[in-house]
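For reference, the structure is listed below as structure tokens.
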Amino acid sequence: TVTYTLSFRWSLIVWTGQDGISASAALRGQETPDNPQTNDVSSSVTAIYRWNGSQQKWDGYFPGSDNVFGANDFTTLTKGVAYWIAISTQGGVSWTVAQ
């Protein structure tokens, strides 16, 4: 597993979890028999952004809007990509994900 410390409001991370995992599954802490110590931060995360260099724009993902047409620019997380993550939990949270 890998643990990210997310600070209140915004944190910049480089994703080192599972490549291609859906953002919603990652936020829910999708556990597996090999990695049972993940945790659910979906109620704290309000937005995830990544830079789209080819189009020179920010792409966004908003938890809870996976089936809303046009709401999200991406739905999976890519290993090695940097993401800005917004949380609403004052004091921050620790997010442990399968690697």
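If you're wondering where the values come from, they're calculated on a predicted model, not measured in any experiment.
Under the 30°/60° scheme for interplanar angles, the aromatic rings of F74 and Y83 are found to be tilted. Ring geometry, Y49 versus W58: the interplanar angle exceeds 60°, so the pair is classed perpendicular (tilted spans 30 to 60°). The aromatic rings of W15 and W95 sit tilted relative to each other, their planes meeting at an angle between 30° and 60°.
For the pair Q99 and T1, the tightest heavy-atom approach, listed with the atom from each and the gap, is OE1-O, 4.0 Å. When all heavy atoms are compared, the tightest approach of F62 to N72 is N-OD1, 2.7 Å. Heavy-atom minimum distance, S24 versus D66: CB-OD2, 3.3 Å. Residues A26 and L77 come closest through the heavy atom pair CB-CD1, 3.8 Å. Minimum heavy-atom separation, T76 to R50: O-NH1, 3.9 Å. In terms of heavy atoms, A82 sits closest to L12 at CB-CD1, 4.1 Å.
If you chain together hydrophobic residues whose side chains sit under 4.5 Å apart, I13 and V97 fall into the same group. W10 and W51 fall within a single hydrophobic cluster, where Ile, Leu, Val, Met, Phe, Trp and Tyr are joined by side-chain heavy atoms under 4.5 Å apart, directly or via other members. A continuous path of hydrophobic side-chain contacts links V45 to Y4 [ILVMFWY only; heavy atoms under 4.5 Å].
Grouping Ile, Leu, Val, Met, Phe, Trp and Tyr by side-chain contacts under 4.5 Å, direct or through others, leaves F8 on its own.
Annotation: salt bridge (charged side-chain N to carboxylate O under 4.0 Å, His left out) contacts involving residues 78-99, sequence neighbours excluded, are absent.
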### Task
Carefully, step by step, assess I48 and L27 under the rule side chain to side chain contact (heavy atoms under 4.5 Å, CB included).
CA-CA 11 Å; I48 302 174; L27 293 174; 4.2 Å; yes

### Query
Can N52 and D73 be said to form a side chain to side chain contact (heavy atoms under 4.5 Å, CB included), step by step?
CA-CA 10 Å; N52 182 329; D73 298 309; over 6 Å; no

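D19 pairs by the salt bridge (charged side-chain N to carboxylate O under 4.0 Å, His left out) definition with nothing, not counting sequence neighbours.
Residues V41 and I87 have side chains not in contact (no heavy-atom distance under 4.5 Å, counting atoms from C-beta outward).
At least one donor-acceptor pair under 3.5 Å links the side chain of N39 to the backbone N or O of T96.
Here the options are S44, S43, S42, the test is side-chain hydrogen bond (donor to acceptor under 3.5 Å, both in side chains), and the partner is D40; only S42 passes.
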